[in-house]
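Step one of this worksheet: look at the structure below.
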Amino acid sequence: MIDAHERLDFRIQQWIFKQGWDRLREIQCLAIDPILSGKTDVLISASTAAGKTEAFFLPAISSIADQVSGVGILYISPLKALINDQDRRLESLSDLLDIQVTPWHGDSPQGRKNKLKRNPSGIILITPESLESLLIRDSGWVKSAFQNLKHIVIDEFHAFIGTERGHHLLSLLHRLEHLLGRVNAPIPRTALSATLGDLESVPASLRPNKSLSCKIIKQTQSSSTLKMQVKGYIESAVVIDEAVTAEQSVCNDLYGLCRGGNHLVFANSRSRTESIATTLAEMCESNTVPNEFFPHHGSLAKEMRETLEARLQQDQMPTTAVCTMTLELGIDIGKVNSVVQVTAPHSIASLRQRMGRSGRRGGASILRMLITEADLTEKSSIVDKLRLELVQSLAMIRLLVASKWYEPADTSLYHFSTLLHQVLALIAQWGGIRADQIYVLLCKDGPFQQVTVTHFKDLLSHMGKVDLITQLGSGELVLGFMGEKITNHYTFYAVFKTPEEFRIVTGSKTLGTLPVDSLILEGQHIVFAGKRWVVELVDTDKKVISVQHAKGGKPPKFGGSGMAVHDVVRQEMLKILKEGDYRVQVGEQRIEFGDAVAQALFKEGADFFKTAKLESTHFLQYGNTAVVLPWAGDKVVNTLVAVLIHKGFGAGAFAGIIEVENTLIDDVIGALKSFRDDQTISAIDLADAIAEKAIDKFDEYLPQEILVKGYAARAFDVEKARALVKELLMARFKQAKEVKL
DNA sequence: GACCTGCTGCGGGTTG
């Protein structure tokens with residue numbers, strides 16, 4: 001293995017020597033044989049800056065070094081910024097071997113694209129959307145230019161798994177193999193990904209039809225250590241003049257922790273990112289020191305983002321980015337001293353990714369979480385009394401440290417919107433194509449394998465009705481008037497859309513806007529602008545949601561993050577509340593990672609848990625409110641909320657806790673019993689009651705039946721919810737028996 | 001107090 005590099009092209013060996021590397025890293029050695037063989041897919045899993053890209057490119061370039069013409073390597077990236085990085089990083093190597101590298105995305109220079117058009121060779125760096133546009137507009141050129149294609153590599157593959165865009169990508173790759181006549185001699189795919197849990201399941205997401213095997217290469221356990229701390233803050237219920245607000249104390253600490261070094265502060269929302277960055281910049285100004293705190297998020301101008309990225313990478317001046325997930329993926333910013341999370345993270349997967357940004361020169365990764373909980377009053381919500389934002393943060397740290405687990409992709413989704421897109425794209429690419437050919441290409445052999453022939457026929461006939469497609473006398477399908485219109489517009493190439501905002505209105509007053517990508521049911525209770533509301537009416541045409549004041553106690557400060565929290569996280573939260581201890585076991589020792597305030601806040605939550613006897617019951621009468629504590633992930637919790645609304649209750653869920661106001665808990669238990677015994681309630685019934693089911697980009701063109709089916713699969717899990725209810729009721733039954741004895 | 005990604009061809013103007 002040590003001599004593996006000798007199998008590389010001599011000029012590449014020279015290049016390695018010139019970099020001053022005394023040897024290749026382990027993953028780089030391991031990747032050489034499988035990639036040179038060209039006979040297997042490869043998954044390379046390693047943390048940021050571990051040399052994944054070189055692990056692929058050294059052998060891949062070696063294998064095309066003497067290729068005279070035609071593009072030899074197709075590199076696909078989810079971000080334009082990553083393509084620009086890769087273009088720079090490949091420069092010295094490609095110069096040495098005289099290999100043409102062409103970045104190809106919406107903003108890359110036309111001159112280099114034209115050059116590749118005239119003389120296809122070397123490496124193309126492209127986004128899925130630009131590849132789609134090439135297939136539709138110039139498939140003849142693609143067919144000849146890619147005739148000698150040897151490797152396909154996908155960067156940041158985890159960003160694609162389980163998403164609409166990921167399905168789009170798989171479909172593009174399959175269409176490309178088909179176009180090049182390589183269905184029976186597949187082009188090997190290499191996926192580059194951060195170290196994420198269940199690697200064995202990834203090959204199925206890289207090539208669903210399994211026509212090539214996959215070799216998994218992973219970084220052996222890195223010896224780097226993780227240092228973490230959770231700091232608690234209390235938001236005062238009454239604002240007194242001159243009192244320091246919780247956000248101000250968070251900023252004071254950030255200023256002390258971050259000034260003088262390079263750090264990333266993740267604040268989970270753009271507005272929070274802005275307000276923290278502004279406060280920190282003002283603190284620099286009032287202390288008459290140069291500002292080193294800058295915001296970074298999706299709504300900021302590209303130039304501002306790039307300036308900040310360059311400043312971090314150059315590492316000349318201390319710099320802290322206050323950011324959203326824009327700095328989570330692999331844009332080259334170098335390693336930072338530490339990562340700070342200012343609100344509870346929503347998934348272990350993203351927390352791991354953020355962690356990977358810290359740890360300079362093999363030193364420890366440092367993670368801090370600064371969590372604010374509300375000052376409690378008589379009327380406080382049960383979510384706040386349990387200190388669930390803190391408990392969620394603690395649970396996530398335990399899962400991060402103690403296990404390799406991360407949230408798996410939801411494989412029950414149909415991706416109908418993307419299927420419709422691909423039907424249109426195929427017809428646009430070929431001009432005309434038969435229905436059975438489309439079915440084989442996309443569903444039977446392609447990535448949409450859970451779509452049945454019946455679904456597919458319904459989809460096509462509806463597409464005919466709305467004039468997206470037309471059938472010729474010969475049986476071939478061609479684009480209809482609407483189909484032409486949609487596919488001719490440049491916005492067609494992306495399969496994802498920016499979610500539509502609904503206006504939230506009470507009476508004649510507008511409260512604000514809400515993106516509708518989560519459950520909104522008439523009768524549902526929600527929290528908006530710090531108050532409780534009940535949804536009266538959802539007007540999908542005018543994009544308006546009418547609400548009315550809901551009575552009840554104070555709304556929870558922590559309503560959940562909007563992104564689904566997984567079952568495993570909620571179970572871990574239950575576990576630490578039961579034990580009254582969140583410390584991590586290392587050998588004989590239990591390691592404390594909370595500061596004094598965090599410890600005190602946790603104790604309040606654990607004490608409330610105990611007093612309310614929540615270790616033995618999942619049902620509670622809390623004043624006028626009936627409360628159900630399922631300790632399950634959001635998909636199951638949402639299913640239970642929809643069931644209760646279906647049965648006529650005004651229910652809502654906050655941070656995984658279900659509340660039904662002005663209701664006796666026995667009535668709720670009765671309703672859940674009938675759900676347990678009534679096998680006829682299905683996810684389809686629940687989805688039928690949802691006013692706005694069109695979530696994905698092309699959902700609006702789907703036939704009703706398919707739209708409902710897709711929505712039901714994505715939003716609800718009735719089987720799991722029923723099994724859980726059975727369990728909760730059984731526990732209650734046992735408990736009642738024990739009390740009697 | 002909800003996150004992020006991407007996109008063509010062409011016409012018209014300016015500059016070297």
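Quick note on labels: first sequence line is chain A, next is B, and so on, each numbered from 1.
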Going by the rule salt bridge (Lys or Arg N to Asp or Glu O under 4.0 Å), which residues pair with A/Arg357 if we only count those two or more places apart in sequence or in a different chain?
none
A/Arg272: what forms a salt bridge (Lys or Arg N to Asp or Glu O under 4.0 Å) with it, not counting sequence neighbours?
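By the salt bridge (Lys or Arg N to Asp or Glu O under 4.0 Å) rule, A/Arg272 matches A/Glu247.
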Could you tell me the separation between the [atom1] atom of [X] and the [atom2] atom of [N], rounded to a whole number of Å?
{"X": "A/Ile545", "N": "B/dA2", "atom1": "CD1", "atom2": "C1'", "result": "14 Å"}
{"X": "A/Glu235", "N": "B/dG1", "atom1": "CD", "atom2": "C1'", "result": "11 Å"}
{"X": "A/Gln353", "N": "B/dC3", "atom1": "CD", "atom2": "P", "result": "19 Å"}
{"X": "A/Leu351", "N": "B/dC3", "atom1": "CG", "atom2": "C1'", "result": "15 Å"}

Could you tell me whether A/Val527 contacts a base, only the sugar-phosphate backbone, or nothing, with contacts defined as non-hydrogen atoms closer than 4.0 Å?
sugar-phosphate
Pairing of [X] and [Y] as salt bridge, 4.0 angstrom limit:
{"X": "A/Arg88", "Y": "A/Asp85", "answer": "yes"}
{"X": "A/Asp634", "Y": "A/Arg570", "answer": "yes"}
{"X": "A/Glu132", "Y": "A/Arg175", "answer": "yes"}
{"X": "A/Asp138", "Y": "A/Lys117", "answer": "yes"}

Under 4.0 Å protein heavy-atom contact, by nucleotide of nucleotides 4-16 of chain B - B base, S sugar-phosphate only
SBBBBS-------
